[in-house]
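In what follows, a structure is listed as structure tokens, so that the remarks can point back to it.
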Amino acid sequence: MATETETDVFEEHRPVLLGVAYRMLGRVADAEDVVQEAWLRWSAADRSEVREPRAYLVRVTTRLAIDRLRQVKARGETYVGPWLPEPYVTDFGDTVPDTAEQAVLADSVSLAVLVVMESLSPLERAVFVLREAFGYPYADIAAMLDRGEPAVRQLAGRARRHVEERRPRFEVDPVRRRDLTERFLAVAGGGDLKELMALLAPDVRLIGDSGGKSKAPLRVLESADHVGRFLVGVAEKGVPDISWRFLELNGGPALLVLSGGKPDSVFQLDILDGRIQSVYIIRNPDKLRSLAAV
């Protein structure tokens, strides 16, 4: 049984462990399951031999996440329509006082980057997360994964090239994103197509995730005309007993739309040069449950 002090040690590192697991899996429930399993391993371990609890816990969590990711890929489950990660509440606040570090963490948990990471192998994804998001030295990552350092460097290079080649460019500045999101909300709600299209980049993309369980486009919409007309149509139909509030999700401002006080959808934007580059809409009710109590 873990003592109170040992419980405190685990709770101190829980945010980091959850951050690692979520970036590995893109699913909040799976990440929480992995962290719970890490707790069970920690509570049963001979901690007299653990010199660095954080390193030990990150190693256990990473290996469990790799196993979970391999199981998911082996099942080969089909998903109806575009897939997006489950929204993840992020509020670094005083826990990450360095603004440069905040920017790195926000970028590594963004919807755009997580979508690209889905195509990495489990090992590539683990190395990318530990190196790019949390800044672990190659030697430490090699020890965590029981791999040689040259192999880890190779994995890291391959994963970094893959992500950089495929990720869309966007600004992470939260103030500019929040400002444009507010303007987007006002214009889209007003149903003015011309004014809305002025906010959209010509090659804007709209990715809607419903999992086939609610209404959303079953393919990615492209171009300002297609995206603008779709959004105006959504505004015209409306949502019963609608309300909304801003949250910080996946490292940036997002709009949580509620119907009758219950989560209906999440909107988040990627912007660049003052224009909206991507619109993400998450409507799969399974992915919104964790936001009911936020």
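This one's a predicted model, so the numbers in the text were calculated from it and none came from an experiment.
- A heavy-atom distance below 4.5 Å is not found between the side chains of Val129 and Tyr136.
- For His162, the NE2 atom sits in a packed shell: over 12 heavy atoms of surrounding residues, nucleotides or ligands are nearer than 6.0 Å.
- Residues Val58 and Thr62 form a side-chain contact, since some pair of their non-hydrogen atoms from C-beta on lies under 4.5 Å apart.
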Might you work through the side-chain contact (heavy atoms from CB on, under 4.5 Å) test for Leu249 and Val89, ending with a clear yes or no?
CA-CA 5 Å; Leu249 300 175; Val89 178; 3.7 Å; yes
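- Of all the heavy atoms in Ala38 and Phe10, the pair that sits closest is C-CE1, 3.9 Å.
- Within 6.0 Å of the CZ atom in Arg245, the count of heavy atoms belonging to other residues, nucleotides or ligands exceeds 12.
- Under the 4.5 Å side-chain heavy-atom criterion for ILVMFWY residues, a single connected hydrophobic cluster contains both Phe184 and Phe246.
- For Leu291 against Pro87, the heavy-atom pair with the smallest separation is CD1-CB, 4.1 Å.
- How far OG1 of Thr7 is from CH2 of Trp42: 10.0 Å, rounded to the nearest 0.5 Å.
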Take Phe128 and Val116, measure what side-chain contact (heavy atoms from CB on, under 4.5 Å) needs, and give me the verdict at the end.
CA-CA 12 Å; Phe128 183 85; Val116 174; over 6 Å; no
For a side-chain contact (heavy atoms from CB on, under 4.5 Å) check, start with the C-alpha distance between Glu11 and Asp8, then their side-chain angles and the critical distance, and finish with the verdict.
CA-CA 5 Å; Glu11 291 302 319; Asp8 290 342; 5.6 Å; no
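- Looking only at side-chain heavy atoms (C-beta outward), Val34 and Met24 stay at 4.5 Å or farther from each other.
- Tracing side-chain contacts under 4.5 Å through hydrophobic residues (I, L, V, M, F, W, Y), one never reaches Leu206 starting from Leu256; they form parts of separate clusters.
- Interatomic distance, OH of Tyr56 versus OG1 of Thr61, reported as 10.0 Å (0.5 Å rounding).
- For CD of Glu52, the number of neighbouring non-hydrogen atoms (other residues, nucleotides, ligands) closer than 6.0 Å is 12 at most.
- Distance check: Ile276 CD1 to Arg177 CZ gives 11.0 Å after rounding to the nearest 0.5 Å.
- In this structure, Arg158 CZ and Leu120 CG are separated by 9.5 Å, a value rounded to the nearest 0.5 Å.
- Residues Ala21 and Val35 come closest through the heavy atom pair CB-CG2, 4.3 Å.
- Between Ala156 and Tyr138 the shortest heavy-atom distance is CB-CE2, 3.6 Å.
- The 12-atom threshold is exceeded at CZ of Arg160, counting heavy atoms of other residues, nucleotides or ligands nearer than 6.0 Å.
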Go through the steps to decide whether Arg147 and Val127 satisfy the test side-chain contact (heavy atoms from CB on, under 4.5 Å), and finish with yes or no.
CA-CA 11 Å; Arg147 294 289 191 279; Val127 171; over 6 Å; no
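- For the residue pair Tyr280 and Asp270, a side-chain donor N or O sits within less than 3.5 Å of a side-chain acceptor on the partner.
- In this structure, Arg27 has no side-chain hydrogen bond (donor to acceptor under 3.5 Å, both in side chains) partners at least two apart in sequence or on a different chain.
- Counting only heavy atoms from C-beta outward, the side chains of Leu258 and Asp264 never approach each other to under 4.5 Å.
- Note on Asp67 versus Arg63: no salt bridge recorded, every NZ/NE/NH1/NH2 to OD/OE distance being 4.0 Å or above.
- A salt bridge links Asp179 and Arg183; the closest N-O separation between the charged side-chain nitrogens and carboxylate oxygens is under 4.0 Å.
- Heavy-atom minimum distance, Val239 versus Ser259: CG1-CB, 3.5 Å.
- The side-chain heavy atoms of Phe230 and Pro217, taken from C-beta on, include a pair separated by under 4.5 Å.
- More than 12 non-hydrogen atoms from other residues, nucleotides or ligands lie less than 6.0 angstrom from CD of Glu149.
- For the residue pair Val9 and Pro53, the shortest heavy atom distance occurs at CG1-CB, 3.7 Å.
- For the pair Tyr79/Leu84, no side-chain contact is recorded, criterion being any heavy-atom separation below 4.5 Å from C-beta on.
- Within the 4.5 Å cutoff, no side-chain heavy atoms of Lys215 are placed close to those of Ser210.
- For the pair Glu86 (side chain) and Leu288 (backbone), a donor-acceptor distance under 3.5 Å is absent.
- Between the CZ atom of Arg169 and the CG atom of Leu272 there is a distance of 5.0 Å, given to the nearest 0.5 Å.
- The backbone N or O of Gly19 lies less than 3.5 Å from a partner atom in the side chain of Arg23, making a donor-acceptor pair.
- Of the possible polar contacts, none joining the Arg219 side chain to the Ile207 backbone as a donor-acceptor pair under 3.5 Å is found.
- Asn250 contributes a side-chain N or O that, together with a main-chain N or O of Val109, makes up a donor-acceptor pair within less than 3.5 Å.
- Under the 4.5 Å side-chain heavy-atom criterion for Ile, Leu, Val, Met, Phe, Trp and Tyr, Leu180 and Leu193 are members of the same hydrophobic cluster.
- Both Leu40 and Ile66 are members of a single hydrophobic cluster when ILVMFWY side chains are connected at heavy-atom separations under 4.5 Å.
- Looking only at distances, a side-chain donor or acceptor of Glu171 sits under 3.5 Å from a matching main-chain atom of Asp273.
- By the criterion of side-chain heavy atoms lying less than 4.5 angstrom apart, applied directly or through intervening Ile, Leu, Val, Met, Phe, Trp or Tyr residues, Leu69 is grouped together with Leu145 in one hydrophobic cluster.
- Panel note: side chain Asp209, backbone Trp83; no donor-acceptor pair is recorded below 3.5 Å.
- Distance check, rounded to the nearest 0.5 Å: CG of Leu25 to CE of Met117 gives 10.0 Å.
- Proximity of Val163 to Glu132: side-chain heavy atoms (C-beta onward) are nowhere separated by under 4.5 Å.
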